[in-house]
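Down below is the structure, laid out as structure tokens.
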Amino acid sequence: FAADVGSDGFSDIWDIVEHDGDLYFRALRWLFQVDAQCGRERVWHAPNRLGGIVEHAGQLLVNFRGEGIKRLGGDTFELFPGGAEFAAKPAFFLLSLDAKRLLVHDQTPRLALIEDGRVTVLQQGGDTAHISAAIALDANRAAFGGDDGRLRIVDIASGQTQTIPLGVSF
């Protein structure tokens, strides 16, 4: 990938996702695709940085800052239905709940659900500002670590949060 990246290089790898037998490595402004034998496949550059990445309903989704959530279609990325809503602020956590629903945390800060191209905000401000890690537990619940020492379990249907204090800070 040195020829693609050039003399500027790249820094940290933030996420790794498997999709269709290939691996995708997300850096700050670069997305690298390698095959199962770690052979070079493709590379994409995002001048405004990349956000979260996830496999959702058989598609690879990536948040492009300033553009929104996009899906890989062939060799290029195209806007995912509802994804334009996440262009203004970075979305670092994209959680696939099931084949139709994608849970998104962005830096508005808010927690929102995309279903069939429609965006529903579940929570905004408050505790969502503290989210620093995320995982889908099942199709109806997600867990979020916080920089305030609290674990939050969110019920997707009700939008209610159970908060569990674990520490005092980040």
Side-chain angles (χ1 to χ4, degrees), residues 1-80 82-97 102-112 114 123-125 127-137 142-154 166-170:
F1 294 108
D4 299 302
V5 176
S7 62
D8 289 341
F10 67 94
S11 296
D12 304 341
I13 297 293
W14 292 95
D15 287 306
I16 302 169
V17 170
E18 187 275 332
H19 172 68
D20 281 347
D22 288 346
L23 296 174
Y24 294 81
F25 297 85
R26 180 185 67 87
L28 192 61
R29 290 182 171 88
W30 296 93
L31 180 63
F32 306 99
Q33 178 187 4
V34 298
D35 63 24
Q37 290 72 42
C38 292
R40 180 194 186 287
E41 290 288 320
R42 288 180 276 189
V43 63
W44 297 268
H45 181 253
N48 295 324
R49 301 184 177 190
L50 296 167
I53 181 172
V54 69
E55 183 179 64
H56 172 67
Q59 303 173 91
L60 183 72
L61 304 182
V62 180
N63 176 242
F64 286 75
R65 294 189 197 183
E67 300 177 49
I69 298 172
K70 294 183 163 188
R71 61 182 167 200
L72 180 61
D75 291 340
T76 61
F77 281 89
E78 57 192 33
L79 202 56
F80 179 72
E85 179 78 22
F86 301 93
K89 299 284 185 172
F92 292 116
F93 301 111
L94 310 178
L95 305 176
S96 181
L97 299 174
L102 180 72
L103 189 62
V104 180
H105 175 264
D106 72 3
Q107 295 298 303
T108 300
R110 65 182 167 174
L111 190 60
I114 300 176
Q123 298 179 3
Q124 189 160 351
D127 284 350
T128 62
H130 294 287
I131 292 175
S132 61
I135 187 169
L137 299 175
F144 300 94
D147 62 6
D148 60 352
R150 300 180 193 285
L151 173 67
R152 293 167 176 87
I153 310 288
V154 175
L166 299 174
V168 292
S169 69
F170 179 63

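FYI, the numbering just counts along the sequence from 1.
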Over all atoms of both residues, closest heavy-atom pair of [X] and [Y]:
X      : Y      : answer
Leu151 : Ala143 : CD1-CB, 4.2 Å
Leu103 : Ala142 : CD2-CB, 3.7 Å
Ala91  : Val104 : CB-CG1, 3.7 Å
Gly51  : Phe92  : CA-CD2, 4.2 Å
Phe32  : Ala27  : CE1-CB, 4.3 Å
Leu97  : Ala136 : CD2-CB, 4.0 Å

(message) Applying side chain to side chain contact (heavy atoms under 4.5 Å, CB included) to Arg65 and Lys89, what does each step give before you reach the verdict?
(response) CA-CA 7 Å; Arg65 294 189 197 183; Lys89 299 284 185 172; over 6 Å; no
Could you tell me whether a side-chain N or O of [X] sits under 3.5 Å from a main-chain N or O of [Y], the two making a donor and an acceptor?
X      : Y      : result
Thr128 : Leu111 : no
Asp35  : Arg40  : no
Glu67  : Lys70  : no

Separation of [Y] [atom2] from [X] [atom1] (nearest 0.5 Å):
X      : Y      : atom1 : atom2 : result
Gln124 : Asp106 : CD    : CG    : 8.0 Å
Tyr24  : Leu72  : OH    : CG    : 5.0 Å
Asp15  : Asp12  : CG    : CG    : 11.5 Å
Trp30  : Leu50  : CH2   : CG    : 10.5 Å
Ile13  : Phe25  : CD1   : CZ    : 7.0 Å
His45  : Arg29  : NE2   : CZ    : 6.5 Å

With a 4.5 Å heavy-atom cut-off, do [X] and [Y] have their side chains touching?
X      : Y      : result
Val34  : Glu41  : no
His105 : Arg110 : no
Leu31  : Ile53  : yes
Val43  : Gln33  : no
Gln123 : Val154 : yes

(message) Going by side-chain contact (heavy atoms from CB on, under 4.5 Å), name the residues that satisfy it together with Gln59, two or more places apart in sequence or in a different chain.
(response) Ala57, Leu61, Arg71, Phe80
(request) Identify, with sequence neighbours excluded, every residue that meets ring-ring contact (aromatic ring centres under 6.0 Å, His included) alongside Phe64. (result)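 Residues passing ring-ring contact (aromatic ring centres under 6.0 Å, His included) with Phe64: Phe77.
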(request) Output every pair passing side-chain hydrogen bond (donor to acceptor under 3.5 Å, both in side chains) with a member in residues 46-57, not counting sequence neighbours, ordered by first then second residue. (result)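 Matches after skipping sequence neighbours: His19-Glu55, His56-Ser96.
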(message) Going by side-chain contact (heavy atoms from CB on, under 4.5 Å), Leu94 matches just one of Val17, Ile69, Ile114. Which one?
(response) Ile69
(message) For Ile135, I'd like to know if atom CD1 has over 12 heavy atoms of other residues, nucleotides or ligands within 6.0 Å.
(response) no
